[in-house]
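Notes follow the structure.
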Amino acid sequence: MTLVLIILVASTVVYSHKNRNSEILSATELTSFEDYASLRAKVMSEYNYPNYEIVVLFNLSLEKSILGVKGNMVEQISFSNLILNEPIWVEIYIPEKVHLNSVQFSHINILKSVCYKEWCLLLINPLSKDGAVTFNYSFRFSFTEQNEDAPFNDPYYTSIKREKIALPLSLASIGINSATTAWKVSFLLFKTPWEDAKAFLIVNQTLIPLTVGEKRVIPTPQNSQFLLFAGRFKEITGNTTQGITIRVYYPLDEVFEIFPGEVLNWSKDVISTYVYLYSIVPSGNYYIINWNTGKAKGNGFLDGIIVGMWSAKGDVGLNKMLMAHELAHSWFGGYADFGVLNEALATFSDLYVENKFGENWYSVAEDKALYGDNTPIVKITKNVPEYQHILYYKGALIFRSLQFILGNETFFEGLRELLNECHGKECNLTDVQAVFENVSGRNLNWFFKEWFYSTKVPNYDVRNLKLDQKGGKYFLNFEIIDKNNFTMPLEVKVLTSRGRIIKKVWVAGNVEVSFELEDKPLKIILDPNEWMVNINRREKIDDIEVVIE
């Protein structure tokens with residue numbers, strides 16, 4: 001889009017155009033983004049603006065067509081608390097996706113504008129304490145533009161189906177320096193292809209319900225990404241014992257093998273457990289949306305989840321792990337942000353809650369962790385498929401190992417403190433370590449260095465096994481060697497025909513272990529409760545089976 005020089009002298013001037021390439025504003029057009037970025041940095045460093053507010057009023061209508069979906073948007077960006085005749089610089093971004101029909105300036109005068117493609121810096125002179133820029137534009141998405149393989153929280157996710165539509169919303173955004181005191185967007189969805197439509201907006205990891213014809217005001221950072229999900233849905237509602245409302249949505253006229261009531265009940269169990277564990281209620285309302293793509297994928301937000309299907313691939317049962325994982329992102333990713341560690345903490349949470357309700361997946365998680373990419377977690381900066389086993393499963397079991405070391409009370413106190421400390425901001429691995437050290441009163445540098453900065457895991461071996469029988473009792477002695485020289489506590493279980501005995505020992509490279517037994521030992525199991533990721537093996541030593549879980 002090209003902008004042309006126009007000086008506005010009236011309080012309101014409207015410029016209407018029929019295509020995106022029409023000239024809209026008076027502008028100096030730069031030839032490179034580097035030149036634009038340099039000018040932007042200069043402008044922002046040299047001009048000190050007064051505080052003021054920005055409020056965006058955004059109206060949207062959707063219509064289905066033979067080729068896809070089309071829509072119209074009217075976006076008004078209103079300023080307030082401006083100082084009369086004191087010029088300020090603003091930055092406007094007009095997305096490439098939209099077809100700009102007209103732009104209107106109210107109570108402001110454009111003194112200068114410099115652009116590079118969709119980006120423009122405008123020097124405006126307020127003619128009153130309030131002013132506005134209004135964009136009128138339209139868009140069209142065809143069936144061929146769908147991007148259903150993207151995650152539901154991806155700003156480019158697009159899906160156009162018979163009874164539901166998911167679209168990225170391209171807004172013209174205004175950016176100004178940090179003096180801005182508020183940025184609010186008022187969304188009004190005033191038309192959809194269905195009379196009984198339900199709609200949801202994703203804004204910065206928050207899932208917000210929209211009612212057709214009702215305006216919804218959403219405080220949000222500048223340059224936020226917006227995704228609109230709309231369609232015809234059935235709804236069932238329930239409440240947890242803590243009074244949290246859960247609403248389950250699923251598309252009309254589509255076949256589901258899972259009864260929605262089962263989804264609602266599992267969601268109640270999961271959310272209630274997390275509230276008990278973490279002593280935090282991120283939202284009083286949760287929205288559980290089945291988008292029914294036929295794929296077992298999902299995304300979790302501060303106040304709800306979107307999943308592609310309720311059952312696991314090839315399984316008619318409810319995919320409890322997927323739902324528990326995505327709901328955990330209400331705490332880890334929504335309420336507080338830990339970067340790539342969000343996935344480790346959410347997986348830790350879903351494994352914990354499933355184990356509580358009788359589904360033990362720790363051994364499966366360990367198998368996945370052992371065959372992941374050979375990269376230290378501290379070096380991973382993005383959640384991409386090649387790191388999934390490391391981030392999700394090894395990361396989750398590392399936190400389970402920390403739970404084993406600190407004990408339940410201290411560990412969960414640490415997680416609660418971590419959520420409070422990192423609420424509304426992003427924390428990193430250093431912050432995580434500092435919080436657990438502060439809560440426990442222990443130096444945990446050795447633990448974090450072993451697990452997060454290394455690709456190795458404990459590799460235990462049982463050696464020098466001796467079994468003696470005296471006075472009707474059996475005396476079992478052996479040495480445990482860790483070939484990778486970790487320092488970790490380790491559970492050792494011995495089975496006999498009469499029962500079992502468990503000891504907890506610390507292995508700092510190696511340790512000697514002894515048992516006094518009433519009967520002959522049949523099996524020795526190291527790490528029987530899967531507290532950590534370690535190399536698994538089975539062998540027999542002098543007719544005693546040795547299993548390293």
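Keep in mind that the numbers below use all heavy atoms, side chains included, and drop hydrogens, waters and symmetry copies. Treat the numbers as computed from the prediction; the structure is a model and nothing was measured.
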| message | side chain to side chain contact (heavy atoms under 4.5 Å, CB included), that's the test. Do E145 and I160 meet it? Break it down for me. | response | CA-CA 9 Å; E145 289 182 273; I160 305 170; over 6 Å; no
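- Under the side-chain hydrogen bond (donor to acceptor under 3.5 Å, both in side chains) criterion, S78 pairs with Q76, not counting sequence neighbours.
- Listed by chain and residue number, H325 satisfy the ring-ring contact (aromatic ring centres under 6.0 Å, His included) test with H329 (two or more places apart in sequence, or in another chain).
- Ring-centre distance between Y249 and F200: below the 6.0 Å cut-off.
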| message | Go through it in stages, so that I can follow the logic: the residues are F452 and L341, the test is side chain to side chain contact (heavy atoms under 4.5 Å, CB included), and I'd like the CA-CA distance, side-chain angles, deciding distance and then a yes or no. | response | CA-CA 11 Å; F452 288 102; L341 292 180; 4.1 Å; yes
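- Inspection of the N319 and S311 side chains reveals no N or O donor paired with an N or O acceptor under 3.5 Å.
- Considering only heavy atoms from C-beta on, M321 comes within 4.5 Å of L351 through its side chain.
- R232 contributes no side-chain N or O that, together with a main-chain N or O of D196, makes up a donor-acceptor pair within less than 3.5 Å.
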Name every donor-acceptor pair, under 3.5 Å, that has one atom in a side chain of residues 294-309 and the other anywhere in the protein, sequence neighbours excluded.
residue	atom	partner	partner atom	Å
K295	NZ	D149	OD1	2.5
K297	NZ	E148	O	2.8
K297	NZ	A150	O	2.9
N299	OD1	F152	N	2.6
N299	OD1	N153	N	3.4
N299	ND2	N153	OD1	3.2
D303	OD1	L207	N	2.8

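- Among residues two or more places apart in sequence or in another chain, the side chain to side chain contact (heavy atoms under 4.5 Å, CB included) test is passed with A369 by Y393, K394, V533.
- The distance from atom NE2 of H99 to atom CG of N72, rounded to the nearest 0.5 Å, is 10.0 Å.
- Considering all non-hydrogen atoms of both residues, A166 and W291 come closest at CB-CZ2, 3.6 Å.
- Between the side chains of Y286 and S330, at least one donor N or O sits under 3.5 Å from an acceptor N or O.
- Contact of the F348 side chain with the L415 side chain is registered, since non-hydrogen atoms from C-beta on lie closer than 4.5 Å.
- E343 contributes atom CD, which lies 4.5 Å from atom CG of N383 (distance to the nearest 0.5 angstrom).
- With a 4.5 Å cut-off on side-chain heavy atoms, L39 and V114 count as touching.
- Atom CZ of F143 has more than 12 neighbouring heavy atoms from other residues, nucleotides or ligands inside a 6.0 Å radius.
- Looking at heavy atoms from C-beta onward, N420 lies in side-chain contact with I280 at the 4.5 angstrom threshold.
- Using a 4.5 Å heavy-atom threshold, the side chains of I398 and I377 count as touching.
- Inspection of the S102 and Q104 side chains reveals no N or O donor paired with an N or O acceptor under 3.5 Å.
- Applying the salt bridge (Lys or Arg N to Asp or Glu O under 4.0 Å) test to E262 and every residue at least two apart in sequence or in another chain returns nothing.
- Rounding to the nearest 0.5 Å gives a distance of 6.0 Å between OG1 of T158 and CG of N147.
- Every residue was checked against the salt bridge (Lys or Arg N to Asp or Glu O under 4.0 Å) condition with K320, not counting sequence neighbours, and none meets it.
- Checked by atom type and distance alone, the side chain of S349 pairs as donor or acceptor with a backbone atom of L345 at under 3.5 Å.
- Distance CG/D35 to CD/E29: 11.5 Å, rounded to 0.5 Å.
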| query | So F332 and Y278, ring-ring contact (aromatic ring centres under 6.0 Å, His included) or not? Walk me through it. | reply | CA-CA 11 Å; F332 303 105; Y278 304 130; 5.3 Å; yes
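- Taking 4.5 Å as the limit, every side-chain heavy atom of I288 sits out of range of all side-chain heavy atoms of L264.
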| task | Verify side chain to side chain contact (heavy atoms under 4.5 Å, CB included) between I77 and F135, making sure each step is shown before the conclusion. | result | CA-CA 8 Å; I77 303 177; F135 299 92; 4.0 Å; yes
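- Within the 4.5 Å cutoff, the side chain of T273 has heavy atoms near those of the K356 side chain.
- Between V185 and F226 the shortest heavy-atom distance is CG2-CZ, 4.1 Å.
- Listed for the N265 side chain is a donor-acceptor partner under 3.5 Å among the backbone atoms of G261.
- Put simply, the side chain of E91 never gets that close to the backbone of W119: no donor and acceptor are under 3.5 Å apart.
- For the side chain to side chain contact (heavy atoms under 4.5 Å, CB included) test, residues two or more places apart in sequence or in another chain that qualify with S272 are T240, T241, Q242.
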| said: side chain to side chain contact (heavy atoms under 4.5 Å, CB included) for L252 and E163? Distances and angles first, verdict last. | reply: CA-CA 8 Å; L252 280 166; E163 298 288 359; 6.0 Å; no
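- Minimum interatomic distance between L327 and S267 (heavy atoms only, all atoms of both residues): CD1-CA, 4.2 Å.
- Using a 4.5 Å heavy-atom threshold, the side chains of I124 and F105 count as separate.
- Between W310 and F256, the angle of the ring planes lies from 30° to 60°, which puts this pair in the tilted group.
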| salt bridge (charged side-chain N to carboxylate O under 4.0 Å, His left out) between E254 and K161, intermediate numbers included | CA-CA 12 Å; E254 295 188 26; K161 299 295 184 182; over 6 Å; no
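- To the nearest 0.5 Å, atoms NZ (K164) and OG1 (T293) are separated by 8.5 Å.
- When the side chain to side chain contact (heavy atoms under 4.5 Å, CB included) test is applied to A199, the partners found at least two apart in sequence or on another chain are L189, L210, L228, A230.
- For Y276, the OH atom sits in a loose shell: 12 or fewer heavy atoms of surrounding residues, nucleotides or ligands are nearer than 6.0 Å.
- When all heavy atoms are compared, the tightest approach of P251 to N292 is CG-CB, 4.2 Å.
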Please list, one pair per line, the donor and acceptor atoms closer than 3.5 Å that link side chains of residues 360-367 to other protein atoms, with sequence neighbours excluded.
residue	atom	partner	partner atom	Å
N360	OD1	Y362	N	3.0
W361	NE1	E354	OE1	3.3
Y362	OH	R400	NH1	3.4
E366	OE2	N534	N	2.9
E366	OE2	N536	ND2	3.3

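- Listed here is the closest heavy atom pair of Y387 and K382: CD1-O, 3.6 Å.
- In this structure K191 satisfies the side-chain hydrogen bond (donor to acceptor under 3.5 Å, both in side chains) test together with E63, sequence neighbours excluded.
- For the side chain to side chain contact (heavy atoms under 4.5 Å, CB included) test, residues two or more places apart in sequence or in another chain that qualify with P193 are L62, K64, I165.
- A ring pair (Phe, Tyr, Trp, His ring centres under 6.0 Å) check over residues 57-77, counting only residues at least two apart or in different chains, returns the pairs F58-F187.
- Atoms CH2 and CG, on W331 and L419 in that order, are 9.5 Å from each other to the nearest 0.5 Å.
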